[in-house]
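Reviewing the structure listed below.
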Amino acid sequence: QVLNEWLYLGNFSSGQNKDWIIGETPVIGKEYTLTSDANVRNGKPKKSNGYRLPSFVRVAKKGSKIKIDTLTRDKKGHKWARVRFVGE
């Protein structure tokens with residue numbers, strides 16, 4: 001079963017770390033623990049939908065463990081990841 005669960009990880013531009021939900025710069029294939037609650041979405045913002053937020057799926061609780069499958073970055077340095085939850 002392929003889940004389409006995406007998280008906004010934060011703005012990783014230089015000096016912009018106040019909205020991170022993991023403790024370090026993300027890397028595909030690594031596991032991380034969420035440092036705060038986060039909204040799980042069914043996709044990432046795309047040009048085709050005017051960069052609107054995708055549909056809300058659920059809230060992932062602080063302390064949940066995620067593994068990053070896909071990582072994207074927009075022009076503002078905001079990172080979105082398709083994730084798998086390995087522990088909640």
Side-chain angles (χ1 to χ4, degrees):
Q1 176 189 4
V2 176
L3 295 174
N4 199 21
E5 295 190 314
W6 288 77
L7 289 173
Y8 170 69
L9 299 178
N11 183 349
F12 287 82
S13 298
S14 182
Q16 299 292 315
N17 64 354
K18 61 188 171 299
D19 63 349
W20 291 9
I21 63 164
I22 58 175
E24 59 192 282
T25 303
V27 177
I28 291 173
K30 275 189 76 176
E31 289 185 9
Y32 300 91
T33 301
L34 299 185
T35 57
S36 64
D37 290 355
N39 290 333
V40 179
R41 305 266 176 192
N42 73 350
K44 60 180 176 145
K46 295 187 193 102
K47 188 175 188 178
S48 59
N49 74 356
Y51 297 106
R52 286 190 300 277
L53 283 176
S55 299
F56 172 83
V57 177
R58 63 191 177 90
V59 172
K61 294 295 184 193
K62 175 181 177 176
S64 296
K65 295 206 180 323
I66 60 167
K67 185 170 188 177
I68 295 177
D69 285 340
T70 304
L71 192 59
T72 64
R73 178 179 177 267
D74 68 19
K75 61 183 183 259
K76 294 179 180 168
H78 299 167
K79 290 200 189 289
W80 284 79
R82 192 179 78 208
V83 301
R84 248 177 306 149
F85 285 85
V86 293
E88 289 190 79

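Sequential numbering from 1 along the given sequence is applied to the chain's residues.
- Hydrophobic clustering (side-chain heavy atoms under 4.5 Å, transitive across Ile, Leu, Val, Met, Phe, Trp, Tyr) keeps Y8 apart from Y32.
- Side chain to side chain, K62 and S36 fail the donor-acceptor criterion of an N or O pair below 3.5 Å.
- L71 approaches A81 most closely through the heavy-atom pair CD1-CB, 3.9 Å.
- When all heavy atoms of I68 and P26 are compared, the closest pair comes out as CD1-CB, 3.5 Å.
- Summarising the geometry of P54 relative to W80, their closest heavy-atom pair is CD-CH2, 4.5 Å, with the distance given to 0.1 Å.
- The side chain to side chain contact (heavy atoms under 4.5 Å, CB included) with F85 is formed by just one residue from the set E5, K65, K67; it is E5.
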Using the side-chain contact (heavy atoms from CB on, under 4.5 Å) rule, take I22 and I66 through it: C-alpha gap first, then chi angles, then the decisive distance, then the call. CA-CA 10 Å; I22 58 175; I66 60 167; 4.2 Å; yes
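- Contact between N4 and N42 at its shortest, heavy atoms only, is ND2-O, 2.7 Å.
- Expressed to the nearest 0.5 Å, how far NZ of K79 lies from CG of D19 amounts to 12.5 Å.
- A search for salt bridge (Lys or Arg N to Asp or Glu O under 4.0 Å) contacts involving K46 returns nothing, not counting sequence neighbours.
- Annotation: the span from N11 atom CG to R73 atom CZ amounts to 8.5 Å, rounded to 0.5 Å.
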Candidate pair N39 and L53, rule side-chain contact (heavy atoms from CB on, under 4.5 Å), full reasoning: CA-CA 11 Å; N39 290 333; L53 283 176; over 6 Å; no
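- Between the CD atom in E31 and the CZ atom in R84 there is a gap of 9.0 Å [rounded to 0.5 Å].
- W6 places no side-chain N or O within 3.5 Å of a backbone atom of V40 that could act as its donor or acceptor partner.
- Looking at every heavy atom in both residues, E88 comes nearest to S64 through CG-OG, 3.7 Å.
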Would D69 and V83 count as a side-chain contact (heavy atoms from CB on, under 4.5 Å) here? Give the steps. CA-CA 5 Å; D69 285 340; V83 301; over 6 Å; no
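- Other cluster members for V59: F56, joined by side-chain heavy-atom distances under 4.5 Å among Ile, Leu, Val, Met, Phe, Trp and Tyr.
- Considering all non-hydrogen atoms of both residues, R41 and V57 come closest at C-CG2, 3.7 Å.
- One distance of note links OG1 of T72 with CZ of R82; it measures 11.0 Å at 0.5 Å rounding.
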